Amino acid sequence: MEELEQGLLMQPWAWLQLAENFLLAKVFITNQGYALLVSDLQQVWHEQVDTSVVSQRAKELNKRLTAPPAAFLCHLDNLLRPLLKDAAHPSEATFSCDHVADALILQVRSELSGLPFCWNFHCVLASPSLGICDSLASIDDWIERLFEKLFAAGNNFNDLYLVSQHLIRPLMGMSLSLQCQVRELATLLHMKDLEIQDYRESGATLSRDRLKTEPFEENSFLEQFMVEVRCLSGNLCFER
């Protein structure tokens with residue numbers, strides 16, 4: 001499960017609009033399970049499961065489907081990827097969410113092998129072990145705890161609401177905007193590579209060799225980008 005936790009840390013946040021619900025979400029899925037984090041900037045919900053939970057829930061929700069857990073996980077990854085990472089290619093599934101007590105249920109409806117497929121993510125309020133927030137899963141309470149660690153005890157924290165409104169939330173919004181711009185630029189570079197390739201196939205050559213470039217590797221670039229972001233955030237948190 002440590003792999004899921006570390007993988008989730010490397011994933012970017014994405015906006016998720018479901019009817020009247022505007023949420024932030026990130027997910028990491030492997031053939032061993034998944035980890036999902038959802039927030040409305042007031043509370044944070046989380047679910048992390050392994051193959052045993054996936055197998056049991058699949059049997060309960062999809063009695064007509066028989067497949068190994070890895071197949072269901074792969075299908076969920078294919079459904080969530082367009083929703084969170086590639087808005088240019090809409091997901092073939094429908095999504096909705098419900099609040100049940102302190103939990104958030106994210107519902108997915110699609111087809112698998114020609115049969116109806118449904119899945120419910122059961123997200124509970126994030127626990128302290130995630131290093132995100134306390135048992136109330138309040139963003140502002142988490143910020144207060146962070147400041148308690150950064151500053152000496154006895155200071156006045158009455159202005160933490162302002163810090164949240166004018167620093168933390170704007171930074172998260174800026175981060176999301178930058179992630180969108182990175183994806184748009186990556187798409188543009190990919191199109192430029194296709195354009196250059198078309199010129200070459202038509203017989204065009206460069207007049208100066210130093211202008212030659214290699215094709216843009218989007219996956220490698222995005223992976224390195226997230227590694228650098230994670231390293232920078234780690235330094236901000238721990239080099240105090």
Side-chain angles (χ1 to χ4, degrees), residues 3-19 21-32 34-41 70-95 106 108 110-112 121 167-237:
E3 178 189 0
L4 292 176
E5 294 177 2
Q6 293 300 316
L8 186 62
L9 285 173
M10 301 302 298
Q11 302 307 306
W13 288 97
W15 281 115
L16 181 60
Q17 181 179 355
L18 302 175
N21 296 280
F22 292 87
L23 305 168
L24 287 172
K26 58 161 63 180
V27 66
F28 183 68
I29 302 177
T30 71
N31 59 4
Q32 299 299 317
Y34 66 76
L36 173 67
L37 201 60
V38 181
S39 173
D40 60 0
L41 292 182
F72 291 117
L73 289 164
C74 180
H75 186 58
L76 287 172
D77 189 34
N78 291 335
L79 296 176
L80 288 172
R81 186 177 299 276
L83 185 70
L84 299 178
K85 300 181 180 181
D86 191 0
H89 297 84
S91 176
E92 297 178 354
T94 58
F95 297 84
L106 178 60
V108 183
S110 73
E111 289 188 358
L112 179 59
F121 293 93
L167 179 62
I168 304 300
R169 289 187 173 93
L171 285 175
M172 293 184 71
M174 186 182 300
S175 174
L176 289 169
S177 177
L178 289 173
Q179 289 170 24
C180 290
Q181 291 181 22
V182 167
R183 287 195 291 267
E184 290 174 359
L185 288 173
T187 300
L188 179 59
L189 286 172
H190 179 63
M191 296 301 296
K192 288 293 184 183
D193 283 340
L194 292 177
E195 182 179 353
I196 292 172
Q197 181 64 28
D198 184 64
Y199 288 147
R200 289 174 177 171
E201 291 176 353
S202 299
T205 59
L206 287 172
S207 60
R208 288 166 287 183
D209 289 340
R210 63 183 178 83
L211 296 178
K212 184 178 181 180
T213 59
E214 296 297 326
F216 177 65
E217 295 291 341
E218 180 178 355
N219 291 335
S220 298
F221 173 81
L222 293 178
E223 288 175 4
Q224 182 60 32
F225 174 77
M226 291 309 303
V227 167
E228 293 175 359
V229 169
R230 180 60 189 161
C231 289
L232 178 59
S233 64
N235 291 335
L236 290 174
C237 290

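None of these values were measured; they are calculated from a predicted model.
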Item to check | Approximate separation, where rounding is to 0.5 Å, of E217 CD and D193 CG | outcome: 9.0 Å
Next on the checklist: In the structure I gave you, are the side-chain heavy atoms of L23 and W15 within less than 4.5 Å of one another anywhere?
Outcome noted: no
Checklist entry - Do H75 and S110 come close enough that some side-chain heavy atom pair is under 4.5 Å? => result yes
Item to check | K26 vs L8, side chain to side chain contact (heavy atoms under 4.5 Å, CB included): CA-CA, chis, key distance, verdict | outcome: CA-CA 7 Å; K26 58 161 63 180; L8 186 62; 3.6 Å; yes
Checklist entry - How many angstroms lie between atom CD of E3 and atom OG1 of T30, to the nearest 0.5 angstrom? => result 5.0 Å
Checklist outcome for this item: In terms of heavy-atom contacts, L206 and L211 come closest through CD1-C, 4.0 Å
Checklist entry - So how far is it from Y34 OH to D77 CG, rounded to the nearest 0.5 Å? => result 12.5 Å
Item to check | Step-by-step side chain to side chain contact (heavy atoms under 4.5 Å, CB included) determination, V38 to F121 | outcome: CA-CA 11 Å; V38 181; F121 293 93; over 6 Å; no
Checklist entry - Within a radius of less than 6.0 Å around CG of D209, do more than 12 heavy atoms belonging to other residues, nucleotides or ligands occur? => result no
Next on the checklist: Measuring from atom CG of D40 to atom CZ of F22, what distance do you get when rounded to the nearest 0.5 angstrom?
Outcome noted: 12.5 Å
Checklist entry - Does the N78 side chain pair with the main chain of C74, one donor and one acceptor, at a distance under 3.5 Å? => result yes
Next on the checklist: Run the side chain to side chain contact (heavy atoms under 4.5 Å, CB included) test on F221 and L189 for me, step by step, so that the C-alpha distance in whole Å, both residues' side-chain angles and the decisive distance to 0.1 Å come before the verdict.
Outcome noted: CA-CA 12 Å; F221 173 81; L189 286 172; over 6 Å; no
Checklist entry - How many angstroms lie between CD in E201 and CD in Q197, if you round to the nearest 0.5 Å? => result 4.5 Å
Item to check | Heavy-atom check, side chain of L106 versus side chain of L36, under 4.5 Å | outcome: yes
Item to check | Intermediate values then yes/no, side chain to side chain contact (heavy atoms under 4.5 Å, CB included), I29 and L80 | outcome: CA-CA 10 Å; I29 302 177; L80 288 172; 3.9 Å; yes
Next on the checklist: Are the side chains of V108 and L79 in contact, using a 4.5 Å heavy-atom criterion?
Outcome noted: yes
Checklist entry - How many angstroms lie between atom CG of L188 and atom CZ of F216, to the nearest 0.5 angstrom? => result 10.0 Å
